[in-house]
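Below is one structure, written out as structure tokens; comments come after it.
From a predicted model like this one, the values you see are computed outputs, not experimental measurements.
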Amino acid sequence: MADKWDGYPSGQHIDLKCDTMIVAGTRSEFYGSLSRAIEHRKQNPAKSPQELIFVDELIDNQPPDIQLSDAVTFCVGGFHTTGTALLWAIYYLCNNEDVQEKLYRELVENIDGEITPADIANCTQS
């Protein structure tokens, strides 16, 4: 099967080891970005508990050789979880036009221009 993949341009190779379908050319960029983020966080640790992010947990509790693979796992999991939640929300809205209309009216009433967290807090349907 590897011979078949070699017949395609390298930009079209799909990383079969990572189910996010990252093309082979960007896989190294993705891993490189995560590696740089981990190294940056090691050099610039959180100053308070409110600044902690998932990378801090990896740095504190995982050996260095596991940190990158766990970071990839978290990113892939978050990607799929968010995508699935959005898919179901869109499906629900498509099948419930009354709810879709209520949400639309509320957004028009509460949001003027760029959306802020305060705008979302004012919405009751979201």
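With no hydrogens or angles considered, no side-chain donor-acceptor pair links Thr73 and Asp70 at under 3.5 Å.
Closest non-hydrogen pair, Val99 versus Leu93, comes out as CG1-CD2, 4.0 Å.
The 12-atom threshold is exceeded at CG of Asn61, counting heavy atoms of other residues, nucleotides or ligands nearer than 6.0 Å. By the neighbour-count criterion of 12 heavy atoms within 6.0 Å, atom CD of Glu97 is sparsely surrounded, having that number or fewer from other residues, nucleotides or ligands. The local environment of CZ in Phe54 is crowded, with over 12 non-hydrogen atoms from other residues, nucleotides or ligands closer than 6.0 Å. More than 12 heavy-atom neighbours from other residues, nucleotides or ligands sit within 6.0 angstrom of CD1 on Ile111.
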Walk me through it: do Val72 and Phe30 pass the test side chain to side chain contact (heavy atoms under 4.5 Å, CB included)? CA-CA 9 Å; Val72 170; Phe30 179 66; 4.1 Å; yes

Between Glu101 and Arg105, does a salt bridge (charged side-chain N to carboxylate O under 4.0 Å, His left out) hold up when you go through it step by step? CA-CA 6 Å; Glu101 184 61 31; Arg105 276 192 247 118; 3.4 Å; yes

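Ser69 contributes a side-chain N or O that, together with a main-chain N or O of Ile66, makes up a donor-acceptor pair within less than 3.5 Å. Formation of a donor-acceptor pair under 3.5 Å by the Glu106 side chain with backbone atoms of Lys102 is not found in this model. Remark: the backbone N or O of Gln62 is paired with a side-chain donor or acceptor of Gln67 at under 3.5 angstrom.
Using a 4.0 Å cut-off between charged side-chain N and carboxylate O, Glu39 and Lys42 make a salt bridge.
Linking ILVMFWY residues whenever their side-chain heavy atoms come closer than 4.5 Å, directly or via other members, places Val55 and Phe74 in the same cluster. If you chain together hydrophobic residues whose side chains sit under 4.5 Å apart, Ile90 and Leu107 never meet in one group. In this structure, Val76 is a member of the same hydrophobic cluster as Leu34, with clusters built from ILVMFWY side-chain heavy atoms closer than 4.5 Å. By the criterion of side-chain heavy atoms lying less than 4.5 angstrom apart, applied directly or through intervening Ile, Leu, Val, Met, Phe, Trp or Tyr residues, Ile120 is grouped together with Leu103 in one hydrophobic cluster.
Distance check, rounded to the nearest 0.5 Å: CD of Glu109 to OH of Tyr104 gives 10.5 Å.
Under the 4.5 Å side-chain criterion, counting only non-hydrogen atoms from C-beta, Arg41 is in contact with Ile53.
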